[in-house]
Peer 1: 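The following block contains the structure, expressed as structure tokens.
Below, all heavy atoms of this structure are taken into account, side chains as well, without hydrogens, waters or symmetry copies.
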Amino acid sequence: EDWKEKGAATGIRQEIDQNGRPVTRVVKKGVKDFSFGRTLGEGSYSTVLAATDRQTLREYAIKVLDKRHIIKEKKVKYVNIEKDTLNRLTEHPGIVRLYYTFQDERSLYFVLDLASGGELLGFLKKMTSFDVECTRFYGAQILDAIDYMHSRGVIHRDLKPENVLLDDQMHIKITDFGTAKILDPKKTNGTGSGDPLEGMETERAQSFVGTAEYVSPELLTDKNACKASDLWAFGCIIYQLLAGRPPFKAANEYQTFQKIVGLEYAFPDGFPSLAKDLVERLLVLDPITRLPIEHIKSHPFFDGIVWGKGLWKQKAPRLK
Ligand SMILES: Nc1ncnc2c1ncn2[C@@H]1O[C@H](COP(=O)(O)OP(=O)(O)OP(=O)(O)O)[C@@H](O)[C@H]1O
Ligand SMILES: O=C(O)[C@@H]1CCC(=O)N(CCc2ccc(Cl)cc2)[C@H]1c1ccccc1Cl
């Protein structure tokens, strides 16, 4: 039938067949359904291309992974984690959405939201640092996305300005979930929120370590990441947006780790005092005493932020 030729969208379609009977059809997208455009960026195992759906003319980012390379580098596990995580995080404007996956003999394809603005890090470098209004807006969007992630039992584990992308409205889209951790629903108290230590590995040693400057002390001292580890990284990001550099940065990774576990950081002169108070309550060594999300949302630094859908409909402040 014509719907096959058209390459109708993936998933389930309810249709009426030639005898007037309701029929459920499953259709699959493929490479031929898209026209590929410019390269948006390269990863260690992937190339991300802009692409247009030939049928709907909608634009996407398609992440193409080379199977041979992934197998050679033993990264198959990360591919599955990225797919499974993105399939759980489908209902939030601040998280890159996965629409389809498909493959051919050579590659795997992830059809994702297009974040045409690129990385938040790029804007931060261009501006050197953000003012309080911009830090408050982008901090609030990042926190709202973290709250949703955690409520769906996902810990990102590698939050940093490189992994916060921007769309054409200059709103954020968090990406890079290949190293995320999906909490086992059987082990949690099921409320989906509240327990900052949720995710602490008890049996197995944690394998993955994030990016040095944003790694939490608990991951370094007892090899454990938990939900509160994402809030440590959040504290580092707020500091970096206002200061123009991350709080813990040394000549090499080992010295950076020493500063983290020793809590060796200082605020530059003129660092806004409300932001300083917030960062001081996030960059604490004990994950239990780290400010939980609800208390971060009600911190005076975020006074004026309307949490929820409004945050995603309002106009982004001009970067200054
Ligand atoms: N949805 C997207 N929209 C626009 N650009 C994107 C999107 N996803 C990724 N990119 C860009 O493509 C580049 C490669 O991203 P990708 O996630 O494939 O690898 P990476 O995670 O950056 O690198 P690595 O795999 O080494 O960690 C990134 O620098 C990012 O800026
Ligand atoms: O889990 C899935 O959705 C399917 C299941 C069927 C399938 O064959 N794949 C690809 C599995 C795979 C993963 C990594 C490599 Cl290097 C090769 C094949 C999976 C897949 C297809 C397209 C894109 C990603 C993935 Cl994991």
Peer 1: Are any non-hydrogen side-chain atoms of Leu108 and Ile70 less than 4.5 angstrom apart?
Peer 2: yes
Peer 1: Taking only residues two or more places apart in sequence or in another chain, which ones pass side chain to side chain donor-acceptor pair (under 3.5 Å) with Glu264?
Peer 2: none
Peer 1: Hey, does the side chain of Asp33 reach the backbone of Gly30 with a donor-acceptor pair shorter than 3.5 angstrom?
Peer 2: yes
Peer 1: Just wondering, more than 12 heavy atoms not from His295 lying within 6.0 Å of its NE2?
Peer 2: no
Peer 1: Considering only distance and modelled atom types, tabulate donor-acceptor pairs under 3.5 Å from the side chains of residues 76-84, sequence neighbours left out.
Peer 2:
unit_1 : atom_1 : unit_2 : atom_2 : d
Asn80  : ND2    : Val76  : O      : 3.2
Glu82  : OE1    : Lys63  : NZ     : 3.2
Glu82  : OE2    : Lys63  : NZ     : 3.0

Peer 1: Step by step, work out the side-chain contact (heavy atoms from CB on, under 4.5 Å) result for Gln55 and Lys29.
Peer 2: CA-CA 11 Å; Gln55 189 207 1; Lys29 281 267 184 221; 3.7 Å; yes
Peer 1: Count I, L, V, M, F, W, Y as connected when their side-chain heavy atoms are under 4.5 Å apart, and connections chain through other members. Are Leu231 and Val284 then in the same cluster?
Peer 2: no
Peer 1: Using modelled atom types only, decide if a donor and an acceptor are shared between the side chain of Asp113 and the backbone of Arg97 within a distance under 3.5 Å.
Peer 2: yes
Peer 1: Is the backbone of Arg21 close enough, under 3.5 Å, to the side chain of Asn19 for a donor and an acceptor to pair up by distance?
Peer 2: no
Peer 1: Among Tyr214, Tyr265, Phe248, find the one that has a ring pair (Phe, Tyr, Trp, His ring centres under 6.0 Å) with Trp232.
Peer 2: Phe248
Peer 1: Can you measure from CZ (Arg290) to CD1 (Ile296) and round to the nearest 0.5 angstrom?
Peer 2: 10.0 Å
Peer 1: Can you hop from Ile237 to Leu166 via hydrophobic side chains spaced under 4.5 Å?
Peer 2: yes
Peer 1: Determine whether the aromatic ring centres of residues Phe267 and Tyr239 are separated by less than 6.0 angstrom.
Peer 2: yes
Peer 1: Could you pull out the closest heavy-atom pair between Thr179 and Arg157, with the gap in Å?
Peer 2: O-NE, 2.9 Å
Peer 1: CG of Leu143 to CG of Asp230: how many Å apart, nearest 0.5 Å?
Peer 2: 10.5 Å
Peer 1: Surrounding NZ of Lys72 (heavy atoms of other residues, nucleotides or ligands, distance under 6.0 Å), is the total greater than 12?
Peer 2: yes
Peer 1: Evaluate the ring planes of Tyr60 and Tyr100, with Trp represented by its six-membered ring, and classify them as parallel (under 30°), tilted (30 to 60°) or perpendicular (over 60°).
Peer 2: perpendicular
Peer 1: Evaluate the side-chain contact (heavy atoms from CB on, under 4.5 Å) criterion for residues Phe36 and Val31: first the C-alpha distance (whole Å), next the side-chain angles of each, then the deciding distance (0.1 Å), finally the verdict.
Peer 2: CA-CA 9 Å; Phe36 287 81; Val31 182; 3.7 Å; yes
Peer 1: If Ile, Leu, Val, Met, Phe, Trp and Tyr residues are connected whenever their side-chain heavy atoms lie under 4.5 Å apart, and connections chain through other members, are Leu121 and Val215 in the same group?
Peer 2: no
Peer 1: Indicate whether any N or O donor in one side chain lies under 3.5 Å from an N or O acceptor in the other, for Trp312 and Asp144.
Peer 2: yes
Peer 1: May I have the step-by-step check of side-chain contact (heavy atoms from CB on, under 4.5 Å) for Val96 and Phe177, ending in yes or no?
Peer 2: CA-CA 10 Å; Val96 163; Phe177 286 88; 5.6 Å; no
Peer 1: Can you tell me if Lys227 uses its side chain to pair, donor with acceptor, with the backbone of His150 under 3.5 Å?
Peer 2: yes
Peer 1: Met170, Ile172: one ILVMFWY side-chain cluster at the under-4.5 Å cut-off?
Peer 2: yes
Peer 1: What pair of heavy atoms forms the shortest contact from Arg245 to Pro268, and how long is it?
Peer 2: NH2-CD, 4.2 Å
Peer 1: If we ignore hydrogens and angles and just use 3.5 Å, is the side chain of Thr256 paired with the main-chain N or O of Ala250 as donor and acceptor?
Peer 2: yes
Peer 1: Quick one: are Phe110 and Val48 in side-chain contact, heavy atoms under 4.5 Å?
Peer 2: no
Peer 1: For a quick test of reading the model, state the closest non-hydrogen atom pair linking Ala233 to Leu159 and the distance between them.
Peer 2: CB-O, 3.8 Å
Peer 1: Return yes if some donor-acceptor pair links the side-chain N/O of Arg54 with the main-chain N/O of Lys32 below 3.5 Å, else return no.
Peer 2: yes
Peer 1: Could you grab the distance from atom OG1 of Thr221 to atom CD of Glu218, nearest 0.5 Å is fine?
Peer 2: 6.5 Å
Peer 1: Does NZ in Lys315 sit with more than 12 non-hydrogen atoms of other residues, nucleotides or ligands closer than 6.0 Å?
Peer 2: no
Peer 1: Is Asp66 close to Arg106 at the side-chain level, that is, under 4.5 Å between some pair of heavy atoms?
Peer 2: yes
Peer 1: Is a donor on one side and an acceptor on the other found under 3.5 Å between the side chain of Ser229 and the backbone of Cys226?
Peer 2: yes
Peer 1: Please report the interatomic distance CG(Leu98) to CG(Leu86), rounded to the nearest 0.5 Å.
Peer 2: 5.5 Å
Peer 1: Hey, could you give me the CG/OG distance between Leu319 and Ser129, rounded to the nearest 0.5 Å?
Peer 2: 11.0 Å
Peer 1: On the six-membered ring of Tyr99, is Arg58 placed so that its NZ or CZ lies under 6.0 angstrom from the centre and within 45° of the ring axis?
Peer 2: yes
Peer 1: Determine whether His156 and Ile174 make a side-chain contact, defined as any pair of heavy atoms from C-beta on separated by less than 4.5 Å.
Peer 2: yes
Peer 1: With a 4.5 Å limit on heavy-atom distance, are the side chains of Leu65 and Lys75 in contact?
Peer 2: no
Peer 1: Is there side-chain contact between Phe34 and Val111, with at least one heavy-atom pair below 4.5 Å?
Peer 2: yes
Peer 1: Do His92 and Met149 come close enough that some side-chain heavy atom pair is under 4.5 Å?
Peer 2: no
Peer 1: If we ignore hydrogens and angles and just use 3.5 Å, is the side chain of His171 paired with the main-chain N or O of Leu311 as donor and acceptor?
Peer 2: no
Peer 1: Would you find a donor on one side and an acceptor on the other, under 3.5 Å apart, between the side chain of Glu213 and the backbone of Pro246?
Peer 2: no
Peer 1: If you compare all heavy atoms of Lys160 against all heavy atoms of Thr211, which two are closest, and at what distance to 0.1 Å?
Peer 2: NZ-OG1, 2.7 Å
Peer 1: Could you tell me which non-hydrogen atom of Pro196 sits nearest to which non-hydrogen atom of Pro287, and how far apart they are?
Peer 2: CB-O, 4.1 Å
Peer 1: Evaluate Leu120 against Ile142 for side-chain contact (heavy atoms from CB on, under 4.5 Å), listing each step before the verdict.
Peer 2: CA-CA 11 Å; Leu120 182 64; Ile142 293 168; 4.3 Å; yes
Peer 1: Would you call the rings of Phe302 and Trp307 parallel, tilted or perpendicular, taking 30° and 60° as the class edges?
Peer 2: perpendicular
Peer 1: Between Arg152 and Glu91, is the salt bridge (charged side-chain N to carboxylate O under 4.0 Å, His left out) condition met? List the steps.
Peer 2: CA-CA 10 Å; Arg152 301 285 299 126; Glu91 307 295 324; over 6 Å; no
Peer 1: Of all heavy-atom pairs between Phe271 and Lys276, which one has the smallest distance, and what is that distance?
Peer 2: CE2-N, 3.6 Å
Peer 1: Taking a hydrophobic cluster as the set of Ile, Leu, Val, Met, Phe, Trp and Tyr residues connected by side-chain heavy atoms closer than 4.5 Å, whether directly or through intermediates, do Val64 and Leu114 fall within one such cluster?
Peer 2: no
Peer 1: Measuring from atom CZ of Phe137 to atom CD of Gln314, what distance do you get when rounded to the nearest 0.5 angstrom?
Peer 2: 5.0 Å
